[in-house]
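Data block below; observations after.
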Amino acid sequence: MAQCVQSVLEFVQDSFVPMVSVLCSEEAERVTRKNNLNFVELLRPFCRLTSDGHIRDPNNQVQAVKNLRICVNNVVTSPSTMSASLSPAQRRLLNEVVLSCQPQENSVANVITAGDNDLHFSATTPWFEAYRENFLQSMPASDHEFLNHYLACMLVVSSTEAVPVEQFLKLSQEQHRIQHSGEYTTPKWFIPNTLKYYVLLHDMTEGDEQRADTVYEDMKQRYGPQGCYLLKMNSRTFSAEEDEQIPDPWSQYLHKNNLHNQDMLDDLAPNLNSSAVENDVSAAEVDHHHLTKKDGVFNSLENHPLQLDSVSSSGSLHTLSAVNTDPKKGVRDPENVVGGAGSHGACLTLNDHDHIRQFIQEFTFRGLLPHIEKNIRQLNDQLVSRKGLSRSLFTATKKWFGGGKVPEKSISEPKSTCGLLYPPEAPELQIRKMADLCFLVQHYELAYSCYHTAKKDFLSDQAMLYAAGALEMAAVSAFLQAGAPRPYPAHYMDTAIQTYREVCKNMVLAERCALLSAEILKSQGKYSEAATLLIKMTSEDSDLRSALLLEQAAHCFINMRNPMLRKFAFHMILAGHRFSKAGQKKHALRCYCQAMQVYKGRGWSLAEDHINFTIGRQSFTLHQPENAVTAFRQILTNDSKQTATQQGAFLREYLYVYKSVMGGNEVSLPELPLPCIHSSATRVYFGHERCLAEGEKQAATHVSLDQEYDLDLAAMWSNLEEQLVAAVNRGVVPGNFQPTQCCLNSQTDNLHHPLAVVEEPIIVEVTFSNPLKVSLALSNLSLLWRFTADGVSPSQEKTTEEFSGETITNEKDTLAPGMTQKDEVVTTEIILEFHMGPEETKVARLRLLPHRTGQLNIVGVVYNLASASSGETPPSTEGQQTLDLMVVRGKQDLKIQGPRLNQTKEDKTLVRHGPDRRLDPIITPPMPLMEVFFLQFPTALLCGEIRKAYVEFCNVSGVQLCGLRVASTHPDFFTFGSRATTPLTPLSPTSSENCSAYKTLATPPGAQPGSVVSEMLVSAEDFSQLSGVMEIPIDGSTLQPGESTQLPLWLRGPDQEGVHEINFLFYYESSEKGIKISHRVLRHTVFICASRSLSVQASACRSSVSPHHGLDDKGSSGTLVFIDVENINTSEAGVREFHIVQVSSSSQNWRLYKCINPDCKLTSRERAKLCFKATRCKPHQATSDAVKNYTFADLNLGNERIISSATPCGDFFFRSCRPSVSQQVDVASARTSSSSKTQGSVPPMNRTSDITNMVKKCNELDLNIIIIWKAYVIEDNKQLILEGQLHVALQTIGKEASSLTSKELRRWCCSSLNQSCLLQSFCPLQNCPNLSKPTCTIQRPTHIRFSRIVCVWCQLL
């Protein structure tokens, strides 16, 4: 149980005090009414004695009476029979007492640490103590006990009466009539000879004090000095001492005056009607029927504490508010409350207070206690005489109880009902009467003996009501005995409670017994037994009693040595439910809130949902809509395991509460709980979405929100951009270089403010998640932003001057959809409808279009939230209006947590996060914007195939662009050509399908196939763009706003088969300098499927026989070059055959000049061998700088000549041999330095190495061969001619070179080996009986043997 202000001894003693009645004359009542009090109320603050009294027991031993309190009441007669339950008025009084006693807002709460949670709950429950005190005082008197029977009667007469003695006589006769006439069942009197105490009340401001003294002296003579008293009062006048502050000790006792407070009246529930406040059986049925008829919500709430609302019922919070329309109905008029309004004791001085206190002392010590002592002796003498004993009962205790004990008869089989009545003179009642008198004067040992004796007699007579009362008081007397000679007999209490409940059907007495026993058990630390006892006392006849006892049981569980948190929370839930049924909404809300501390965050989602739902309902009923909104938010944000229908009910309740909170007075947008926003998944895209290509045009892919972020690809794009920036800045990357990020997400670098361009949209992709199993309907969805302008642009100087340097926000514009937004600063796009299915995750792309430069901060989203329509037709127009009201407007903030910092020691020890500024872009001045389109761009090529396409560059902005460049991961895949070598071909794709991509010329008349058609000396500077960055040759190097241009683009299929991902990064700048964005880039990615074409193997050897024209000018012999060409295209069924149309050479020192066998046509898997003669370049063709000049020799094998030194053939040649060219530059420089060093004498030790170098130098060849082919393809019943070129670099004589990479070469060798094995399986020798194993060998001649054969064959010709 909770902590109490009183100790257990004080509580039990104050529960049973001597009862004194009061009869006042009308004139005496008038005197006391001057103080806004009646006589009983006047005495109430002074009824506790400040000094100890004494009595003598029957053994003449002095017994001290400490801290005695008496109870003074007016005589209220009632002819009705006694009831076993409280009257409706008493129930209403108890309900008002609990209702008026609420916990203080700033009261100190107990804190209990359980695991990781700290539970805060009220340490005391003053409402329970107030209920308990008033319950014990309002208990009806019973015939089976005398504790609440009146022992004395005060007769009060005013001194202003004409004949006061006659008034005393009238009052005395009236008291005698009430007690002995038999007309009234109440009040009940302790003994027939009731003590009468005569009080003369004298008003010091009205009456004659001397006359009052004379009357008092007459009273002493008539009634004795111990039986009368003169009380002087009202010494204070309003004219004098107005400023003197007199304390008011009556306010704390007159609690009913608190009903004047209007706030308390508003808290009364609708079921507190005039007939009954607390629900006994009949009242409960009436109230339940009333609520069921009006509101299905209360019906569901009162069925079971853990049962949630049924959605099928039409009840919701808007009907709940309709029920709670007039909470004042059924409550008594505050003007009728006893005591009325105003201050108390206004005519009394502090001396008058002392007079009243002295009067109570005199009455108790000189009148009441002697009267009780006298009656105890008389009863003791009567009992001794009736029992035939010679000694007093006190001395005979050992004899009576020392012998064998009579076993207590079982209460389960009573021989008679509890209605057995003893006559007033019965010895059993006399023993009980004597026990009660001893108990009231704190003689607990004698009282226990009498109760124990009476209990045996009652049980033997099967008078169960009397027996239960004796057991109850025997247990209390045993506990209160000084020194605790015997343990507390808790089983006495259990038996008494069971008898009261089951046999006597008297819940009032059972409740009193339980309250006493529970407090005693709590004082002994037996919290578990106390909780069990309190829980047993809960029943359906009184919700208020059950709620209070369940709450105390919960406090017992939490105050145990090992706190039982779950039991505490569970019983708090039950108490809250019963409080709600009893109309105590505030107490119900408090219980649910305390229980929520235990259930929160434990994974018990259903329990959390129920508690939050109930808290929301109770808060709304108590006009606390903010708390209701918070509670309903918890239901919607948690991982709910409720059904879809229940979640729909939760959502509708929340929407209605939220609407009630706002009430049309929307100052700012509050946070909405639904749908959930994954802030970290927010992506921001800067710029326009790419234009869709029309017809054959293919737009550059660039970056879009539909693409997934790849960290490796991002690093690749950053590397390409770095190459472009370095090329622009003469090979140096600026220190402030930041890679362009068009799309920001959680994986990008968001430490810096992103840069956006004015008049270009900003697209924010927000990820919404619907955690519910019901659909959500969002409307008027848009972004919330703040904008700080840099300054005023010239075009907007007049219209936006007031915005310069100020922070502008659109939150006020979004309070009500449809209002004018600040479109002159930032245009905000609104999504009119956005539907989300059950448990759906969906993205919304919201746009902003900034019109001014400055700092933009995207802070959140704003939208209307509604429960999606279920498709049912509303039953009426009123229902449709209700559905329309269930749309609320709110916002959610976009708060993104940056990456965790891990740089310094503090960052590593603490959890710190860096900034994430993806939603805080800086708006910069206008920049150029370029679009790129590709025409006739293929998706599949043969290895080495040359294809001509076109690229269109469009400037779609209003700013001129320049510095157009491109970088690629595959720079050898494409070329724009060199301005010096580009052929004069049309700039638009209007030529025929089979138009050659090469620059071709007709074969000269009389030229023999295989002979040199032309030779050309080309400088490498003509093909200057050998690096990964290329300048795009557009006219004027600039593009004006709105201008577009087309350029040819030559493509060459990759040398390796498979699917190739080829990335282009286009770079361009603004012609204006000094802006924050130095450049812009445009990405494009293509996938090319490369298929096999030809495989070329080449080798060279020196000729052993020199023909007559085989010697050069220096007399050196010629060189034979052998080329092995094989058609390895087996997977492409459409390729019929390949023709080798031309073989060209490119070298600084060598050239091809004749082909021995020029005819070469290859079908699938065919192989051809070509033999060429090579010779050194003529002396006039050689230059001093061998690195920069190349000799191109074209040997035509067909009908037309292809200029290999022009675009695109020369471009792709130089790009394919780009690493070797740079390597040759190093070799040439090394040669120059070594020749300068070896001009002097050579040391002997270096001669061997020089000879080795000379041998290697003699074997160096450095001859590059270009094989140009044509392929005839059948596609869609049409013949196409494809053309391409392959490159082979011969570096050393005697060493074979291939056009395939090492990986492709191994794959091709394995394929050839498999075919050799296939041929071997068909070899005719395998059937030869003379061979044990089939053999079939294919020997390939060496290059030397083959060259000798060719030389002999040439001599024979």
Exercise for the section: Give me the ring orientation class for F359 and Y197: parallel if the planes are under 30° apart, tilted from 30 to 60°, perpendicular past 60°. Expected result: tilted

Exercise for the section: Verify, without hydrogens or angle tests, whether S523 (side chain) and I520 (backbone) share a donor-acceptor contact under 3.5 angstrom. Expected result: yes

Handout entry: Side chain S172, main chain F168, donor-acceptor under 3.5 Å
Key = no

Handout entry: Donor-acceptor pair, side chain of Q167 and main chain of E161, under 3.5 angstrom
Key = no

Exercise for the section: Sorted by first residue and then second, give each ring pair (Phe, Tyr, Trp, His ring centres under 6.0 Å) pair with at least one member in residues 34-62; sequence neighbours left out. Expected result: F46-H353

Handout entry: Single hit among Y216, Y223, Y229, F363 for ring pair (Phe, Tyr, Trp, His ring centres under 6.0 Å) with Y198
Key = Y223

Problem - Closest non-hydrogen atom pair between F16 and L147, with its separation - result: CD2-CD1, 3.4 Å

Problem - Nearest non-hydrogen partners of V17 and C71, listed with the distance - result: CG2-CB, 3.7 Å

Exercise for the section: Examine distances only and state if a side-chain atom of R377 and a backbone atom of D57 form a donor-acceptor pair shorter than 3.5 Å. Expected result: yes

Exercise for the section: May I ask you to test the V65-D52 pair for a side-chain heavy-atom distance under 4.5 Å? Expected result: no

Exercise for the section: Taking the side chain as every heavy atom from C-beta outward, state whether D541 and M507 have any atom pair closer than 4.5 Å. Expected result: yes

Problem - Residue list, salt bridge (Lys or Arg N to Asp or Glu O under 4.0 Å) with E145, at least two apart or on another chain - result: R432, R512

Problem - Pair E206 + R30, salt bridge at N-O below 4.0 Å - result: yes

Practice task
Kindly determine whether V157 and L201 satisfy side chain to side chain contact (heavy atoms under 4.5 Å, CB included), including the steps that lead there.
Solution key: CA-CA 6 Å; V157 175; L201 196 62; over 6 Å; no

Problem - Presence of salt bridge, E519 and K522, under 4.0 angstrom - result: yes

Problem - Cationic N near anionic O, under 4.0 Å, K433 to D436 - result: no

Handout entry: Distance-only side-chain donor-acceptor flag, E472 / S517, under 3.5 Å
Key = no

Exercise for the section: For residues W189 and S21, determine if any side-chain heavy atom of one lies less than 4.5 Å from a side-chain heavy atom of the other. Expected result: yes

Problem - Heavy-atom donor-acceptor pair, E362 side chain to C228 backbone, under 3.5 Å - result: no

Exercise for the section: Using a 4.5 Å cut-off on heavy atoms from C-beta on, say whether the side chain of E183 contacts that of T77. Expected result: no

Practice task
Could you check if a side-chain atom of E174 sits within less than 4.5 angstrom of a side-chain atom of K170, using non-hydrogen atoms only?
Solution key: no

Handout entry: Check: Y451 ring centroid to Y492 ring centroid under 6.0 Å
Key = no

Problem - Check ion pair D352-K232 (N to O, under 4.0 angstrom) - result: no

Problem - Backbone of E41 reached by a side-chain donor or acceptor of W250 within 3.5 Å - result: yes

Problem - Backbone N/O of T160 and side chain of H202: donor-acceptor pair under 3.5 Å - result: no

Practice task
Compare every heavy atom of L446 with every heavy atom of M434, then report the nearest pair and how far apart it is.
Solution key: CE-CD2, 3.9 Å

Exercise for the section: Calculate, to the nearest 0.5 Å, the distance between atoms OG and CG belonging to S25 and L155 respectively. Expected result: 10.0 Å

Exercise for the section: Using a 4.5 Å cut-off on heavy atoms from C-beta on, say whether the side chain of L440 contacts that of F190. Expected result: yes

Problem - Parallel, tilted or perpendicular: rings of F146 and H149 (30°, 60°) - result: perpendicular

Problem - Smallest separation among heavy atoms of L94 and S138, with atom names - result: CD2-OG, 4.5 Å

Problem - Validation row, ring centre Y448 to ring centre H452 under 6.0 Å - result: yes

Problem - Positive for side chain to side chain donor-acceptor pair (under 3.5 Å) with N67, one of Q442, R48, Q13, E10 - result: R48

Problem - Test item: L548 and V98 side chains (from C-beta on) under 4.5 Å apart, heavy atoms - result: yes

Practice task
Return yes if a side-chain donor-acceptor contact under 3.5 Å exists between Q179 and Y150, otherwise no.
Solution key: no

Exercise for the section: Please work out whether the ring planes of F458 and Y466 are parallel, tilted or perpendicular, with thresholds of 30° and 60°. Expected result: tilted

Handout entry: Chi angles and distances behind the side chain to side chain contact (heavy atoms under 4.5 Å, CB included) call for C153, L23
Key = CA-CA 7 Å; C153 180; L23 281 176; 4.2 Å; yes

Exercise for the section: Verify, without hydrogens or angle tests, whether D14 (side chain) and R69 (backbone) share a donor-acceptor contact under 3.5 angstrom. Expected result: no

Problem - Q61 backbone acceptor or donor facing N59 side chain under 3.5 Å - result: no

Problem - Pair Q584-N95, side-chain donor/acceptor within less than 3.5 Å - result: yes

Exercise for the section: Measure across N380 and P58 and return the closest heavy-atom pair with its distance rounded to 0.1 Å. Expected result: ND2-CB, 3.6 Å

Problem - Heavy-atom check, side chain of I55 versus side chain of I372, under 4.5 Å - result: no

Problem - From T205, T349, N35, residue fulfilling side chain to side chain donor-acceptor pair (under 3.5 Å) relative to N234 - result: N35

Practice task
Please check if atom CD in Q210 has more than 12 non-hydrogen atoms from other residues, nucleotides or ligands closer than 6.0 Å.
Solution key: no

Handout entry: C47 to V72 - nearest heavy-atom pair and separation
Key = SG-CG2, 3.9 Å

